[in-house]
Amino acid sequence: MSKAIYPGSFDPVTFGHLDIIKRSASMFDELVVGVLVNNAKHPLFSVEERTQMLEEAVKEYPNVSVIAFDGLLIDYMKEHDISVIVRGLRAITDFDYELQIAQSNRKVSNETIDTVFLTTSIDYAYLSSSIVREYASYGTDVRAFVPEFVARRLQDRYQSK
Ligand code: ADP
């Protein structure tokens, strides 16, 4: 059975992420979306909130699950018998970093893990969670970028700040 993991911060999930999820879910028997707990950034949404929004957004896909993980991605993958990482590539600016991570993950996993890159759909090439947060913080309507329930969560979060 083919199993892949799509890791990221998802702060919050956008239509760009959902496009990658939809496309990779049709390539693997099982897709796990992994929400990073332990990253250097100070997220707008807690890991529970990010996970819960993703669960809501992917509920139409029976072979997609959402988990939160702490620590090293490849350790989680070994424990759960996952050998493929999915990442999205938007622009050349993503490439350097992604190449470095993919190569080092391959090395430290003794060449048991591979990374598959999906190029962004042209409609979402400019889209990132940080751009969405920036617009939402000024009260701009972000429903073109994220599902409606995520837009509401953003509005609530910034109104209460
Ligand atoms: P990270 O903090 O790990 O970059 P993100 O949540 O920003 O986490 O992104 C997770 C993954 O989704 C990354 O592989 C990123 O390149 C990809 N991604 C983000 N936005 C888009 C988009 N608009 N189109 C395609 N891929 C995207």
Side-chain angles (χ1 to χ4, degrees), residues 3-28 30-58 61 63-77 80 82-106 108-109 113-137 140-151 153-154 157-158:
K3 213 167 157 185
I5 187 162
Y6 177 38
S9 313
F10 306 104
D11 187 31
V13 59
T14 69
F15 286 141
H17 298 131
L18 291 173
D19 175 58
I20 299 289
I21 290 171
K22 182 182 178 183
R23 287 157 59 200
S24 48
S26 70
M27 292 174 189
F28 299 96
E30 214 181 308
L31 180 72
V32 177
V33 181
V35 185
L36 278 159
V37 176
N38 190 12
N39 56 4
K41 304 175 197 166
H42 292 288
L44 178 66
F45 292 105
S46 70
V47 68
E48 292 78 19
E49 290 171 312
R50 287 179 276 144
T51 305
Q52 192 250 319
M53 283 188 271
L54 267 162
E55 276 169 350
E56 176 70 25
V58 304
Y61 307 118
N63 63 335
V64 177
S65 56
V66 184
I67 56 101
F69 76 93
D70 211 350
L72 213 52
L73 176 62
I74 63 161
D75 290 340
Y76 180 89
M77 293 175 70
H80 294 85
I82 305 173
S83 57
V84 177
I85 302 170
V86 172
R87 293 285 287 174
L89 278 183
R90 280 162 294 194
I92 192 77
T93 42
D94 284 339
F95 185 76
D96 268 355
Y97 173 75
E98 293 292 342
L99 185 69
Q100 194 183 4
I101 300 290
Q103 287 172 337
S104 53
N105 277 334
R106 182 136 185 90
V108 290
S109 69
I113 282 175
D114 250 314
T115 305
V116 167
F117 293 103
L118 295 186
T119 51
T120 179
S121 299
I122 206 81
D123 288 348
Y124 306 124
Y126 58 87
L127 191 52
S128 68
S129 297
S130 59
I131 284 187
V132 171
R133 292 195 303 271
E134 176 80 8
Y135 279 121
S137 73
T140 307
D141 184 354
V142 291
R143 284 175 300 173
F145 307 144
V146 297
E148 194 153 347
F149 72 91
V150 175
R153 296 285 287 268
L154 280 160
R157 180 57 43 99
Y158 283 112

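For ligands, and for the atoms within them, numbers begin at 1 and follow the listed sequence. What you see below is based on every heavy atom in this structure, not just the backbone, and it leaves out hydrogens, waters and symmetry mates. Start at 1 with the first residue, then count along the sequence.
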query = Are any side-chain N or O atoms of Ser104 and backbone N or O atoms of Gln100, one a donor and one an acceptor, separated by less than 3.5 Å?
reply = yes
Which segment of Phe15 sits under 4.0 Å of ligand 1 when only heavy atoms are counted = neither
query = Could an N or O of ligand 1 be found under 3.5 Å from any N or O of Gly8, whether backbone or side chain?
reply = no
Donor-acceptor pair, side chain of Lys3 and main chain of His80, under 3.5 angstrom = yes
key: Expected output: side-chain Arg50 to main-chain Ser9 donor-acceptor under 3.5 Å   = yes
Atom indices of ligand 1 within 4.0 angstrom of Ile20 heavy atoms, with elements = 25 (C), 26 (N)
task = Taking ring pair (Phe, Tyr, Trp, His ring centres under 6.0 Å) as the test, write out the residues that go with Phe10, two or more places apart.
result = Tyr6, His17
ask   = What class does the angle between the rings of Phe69 and Tyr76 fall in, given that below 30° is parallel, 30 to 60° is tilted and above 60° is perpendicular?
value = tilted
message = I'd like to know if the side chain of Ser129 pairs up with that of Asp11 as donor and acceptor (distance under 3.5 Å, no hydrogens or angles considered).
response = no
query = How does Leu127 reach ligand 1, if at all, at less than 4.0 Å between non-hydrogen atoms: by side chain, backbone, both, or neither?
reply = both
ask   = For Ser9 and ligand 1, does the shortest N/O to N/O distance drop below 3.5 Å?
value = yes
Under 4.0 Å to a heavy atom of Pro7 - the qualifying atoms of ligand 1, by number = 10 (C)
ask   = Is it true that a side-chain atom of Asn63 and a backbone atom of Ala25 form a donor plus acceptor pair closer than 3.5 Å?
value = yes
ask   = Should Tyr6 be listed as contacting ligand 1, given a heavy-atom distance under 4.0 Å as the test?
value = yes
N or O pair under 3.5 Å between Asp11 and ligand 1 = no
Set of ring pair (Phe, Tyr, Trp, His ring centres under 6.0 Å) partners for Tyr124, sequence neighbours left out = none
request  = Could you tell me whether some N/O pair between Ala125 and ligand 1 is separated by less than 3.5 angstrom?
outcome  = no
Close N or O approach (Thr120, ligand 1; < 3.5 Å) = yes
ask   = Relative to the heavy atoms of Phe10, which atoms of ligand 1 are at a distance of less than 4.0 Å?
value = 6 (O)
